[in-house]
Amino acid sequence: MKPAPVAYRRPESLDEALADLAELGDRARPLAGGQSLVPLLALRLAQPEVLVGLERVAELRGADLDGDRLEIRAMTREAELERSAALPPLLGAALGHVGHFQIRSRGTVGGSLAHMDPAAEWPALALLLDATLTVASARRGRRRLPAASFILGPLTTALEPDELLEAVTMARPDGRFGFAEVERRSGDFALVGAGCHRGRVVVFAAGPRPQRLPGVEAFLRDGGAPGPELQRRAHAEIEARDDLHASAAYRRQVGARLVDQVVAAAS
Amino acid sequence: MICRLTVNGTPWEGDVPPRLTLADLLRDHLQLTGTHLGCEQGVCGACTVLCDGEAVRSCLMLAVQADGRSLTTVEGLDADPDAAALRDALVAGRGLQCGFCTPGFLLSALALRRADPPVDPARVPELLAGNICRCTGYGPIVAAVRAWLG
Ligand SMILES: Cc1cc2nc3c(=O)[nH]c(=O)nc-3n(C[C@H](O)[C@H](O)[C@H](O)COP(=O)(O)OP(=O)(O)OC[C@H]3O[C@@H](n4cnc5c(N)ncnc54)[C@H](O)[C@@H]3O)c2cc1C
Ligand code: FES
Ligand code: FES
């Protein structure tokens with residue numbers, strides 16, 4: 001199908017973009033790389049009156065990857081990050097799983113976080129790395145949210161219709177890590193995935209949103225190691241859903257194995 | 001909305017409705033029907049074109065988003081020696097039957113060949129997973145692209 005008629009605005013600055021959203025409210029939708037929104041428009045699952053194209057907003061472009069704190073602005077494309085020599089290996093490992101390379105040429109970090117597909121890698125990374133999301137609006141200024149408060153549920157975040165995600169910041173991930181997922185073909189959304197870094201453990205694509213596993217983390221703090229007991233605890237803790245791609249039981253079982261693998265890789 | 005592009009080296013300017021996808025602009029307004037549409041939701045890769053040298057899905061880009069960009073479609077590869085070598089390799093290795101997927105594979109493979117840093121030929125099966133072929137079973141395409149990448 002083809003998208004329904006829609007108007008297009010192309011703000012040249014962040015203030016202009018925020019003013020457009022303040023004026024239009026939920027009649028407008030920001031458009032980043034379009035790799036999720038354009039299919040929704042074509043299927044007419046989204047029918048905004050106005051698209052606010054963010055491609056000219058300079059303040060949303062680029063990433064600072066050199067210091068101890070990383071800042072990735074919303075319109076940074078995944079392909080740009082992949083080409084950067086300063087990209088930490090954990091982010092590189094996860095990025096390779098985000099769609100196909102032709103999707104990563106256009107898809108942005110901000111679009112992926114704002115879209116909040118439960119199977120997407122970026123929300124899971126944000127939770128794993130305890131990232132802070134900076135969100136801006138014309139009326140209320142800026143607010144900074146930890147990933148755990150930004151991510152609410154499937155296709156749902158703390159963003160209000162007049163807000164834009166500006167950037168995501170996090171301490172540079174270093175040292176050992178694990179990141180693994182099971183997908184049908186390379187580039188497909190994960191059926192279930194897991195990550196581990198500095199004692200934090202996250203499972204994604206299993207339930208409605210990426211999930212930390214505090215029970216498994218406590219087990220590790222108390223000296224627990226990969227093996228049947230860790231898998232049993234992960235299995236009991238993972239929130240999983242059924243859908244046409246996989247059953248909840250499959251996701252829990254495979255998820256527990258992946259948790260074991262990523263913990264082993266990170267320790 | 002006014003949109004200015006360069007398509008296969010030739011500047012183009014026109015007034016396009018914002019809902020028009022780049023694929024539909026190329027096919028229906030510029031008559032460049034070598035860009036094929038399979039799924040129109042980013043999954044099959046048949047519509048892949050180069051945008052400022054990078055492989056993109058033309059079904060997932062609005063024409064207005066391509067304003068100011070330089071595009072290459074399969075029609076723009078006639079004088080390209082790399083593309084000619086790949087076409088020959090695909091033909092010799094039986095890497096196509098109906099040919100519906102071929103423009104997407106050609107442009108995806110060209111983007112891989114020109115990638116910086118260069119791609120490891122061992123990753124070709126994984127990297128070509130974003131292009132669907134219903135005829136060949138992939139083996140001949142993967143073999144031809146891998147050999148051509150060297
Ligand atoms: C075939 C295919 C396979 C894919 N596989 C994967 C995968 O395996 N893993 C994965 O993670 N993703 C996958 N994706 C999705 C892809 O990563 C998308 O690019 C991403 O989800 C959205 O980013 P975008 O820049 O394209 O955003 P858009 O599609 O432009 O926007 C997505 C949503 O975010 C909103 N938005 C965008 N930017 C902002 C902002 N700065 N502030 C507020 N709201 C904003 C938009 O209004 C829209 O609601 C796949 C996509 C396709 C087509
Ligand atoms: S038509 Fe664009 S990816 Fe299938
Ligand atoms: S040759 Fe027919 S789809 Fe690939």
**Item:** Donor-acceptor contact below 3.5 Å, side chain A:Gln102 vs main chain B:Val49
**Value:**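 No, A:Gln102 side chain to B:Val49 backbone: no donor-acceptor pair under 3.5 Å.
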
**Request:** Under 4.5 Å, heavy atom to heavy atom: which of residues 110-121 of chain A reach chain B? Give them by number, or say none.
**Result:** none

**Asked** Within residues 70-89 of chain A, which positions have a heavy-atom distance to chain B below 4.5 Å?
**Response**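 Listed by number: A:Arg77, A:Ala79, A:Arg83.
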
**Complete:** Looking only at A:Arg56, A:Arg104, A:Arg185, A:Arg10, most heavy-atom pairs under 4.5 Å shared with chain B are made by A:Arg10

**Asked** Taking all atoms of both residues into account, what is the closest heavy-atom pair of B:Gly42 and A:Ile103, and its distance?
**Response**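 Closest heavy-atom pair between B:Gly42 and A:Ile103: O-CD1, 3.7 Å.
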
**Request:** Check A:Lys2 against B:Leu37 and note the closest heavy-atom contact, atom names and distance.
**Result:** NZ-CD1, 4.1 Å

Under 4.5 Å from any heavy atom of chain A - which part of [X]:
X        : value
B:Ala115 : neither
B:Leu50  : neither
B:Cys39  : neither
B:Thr48  : side chain

**Prompt:** Among B:Asp67, B:Asn131, B:Leu107, B:Leu128, which residue forms the greatest number of heavy-atom pairs with chain A at distances under 4.5 Å?
**Reply:** B:Asp67

Gap between atom [atom2] of [Y] and atom [atom1] of [X] - 0.5 Å precision:
X        : Y        : atom1 : atom2 : answer
A:Ser186 : B:Leu127 : OG    : CG    : 7.0 Å
A:Gln35  : B:Gln41  : CD    : CD    : 12.5 Å
B:Cys51  : A:Arg106 : SG    : CZ    : 6.0 Å

**Worked check of side-chain contact (heavy atoms from CB on, under 4.5 Å) between B:Leu62 and A:Leu31** = CA-CA 10 Å; B:Leu62 298 177; A:Leu31 177 64; 3.7 Å; yes

**Request:** Carefully, step by step, assess B:Val119 and A:Phe101 under the rule side-chain contact (heavy atoms from CB on, under 4.5 Å).
**Result:** CA-CA 11 Å; B:Val119 303; A:Phe101 76 94; over 6 Å; no

**Message:** Assess the residue pair A:Val38 and B:Met61 against the criterion (side-chain contact (heavy atoms from CB on, under 4.5 Å)); give the C-alpha distance rounded to whole Å, side-chain angles, the decisive distance to 0.1 Å, and a yes or no.
**Reply:** CA-CA 7 Å; A:Val38 172; B:Met61 194 164 176; over 6 Å; no

**Message:** Is it the case that atom CZ in A:Arg44 sees more than 12 heavy atoms from other parts of the structure closer than 6.0 Å?
**Reply:** yes

**Message:** With a sphere of 6.0 Å drawn around CZ of A:Arg172, does it hold more than 12 non-hydrogen atoms of other residues, nucleotides or ligands?
**Reply:**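 Buried by this count: over 12 neighbours within 6.0 Å.
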
**Request:** Measure A:Leu51 against the heavy atoms of chain B and call it side chain, backbone, both or neither at under 4.5 Å.
**Result:**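 For A:Leu51, side-chain heavy atoms alone lie under 4.5 Å from chain B.
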
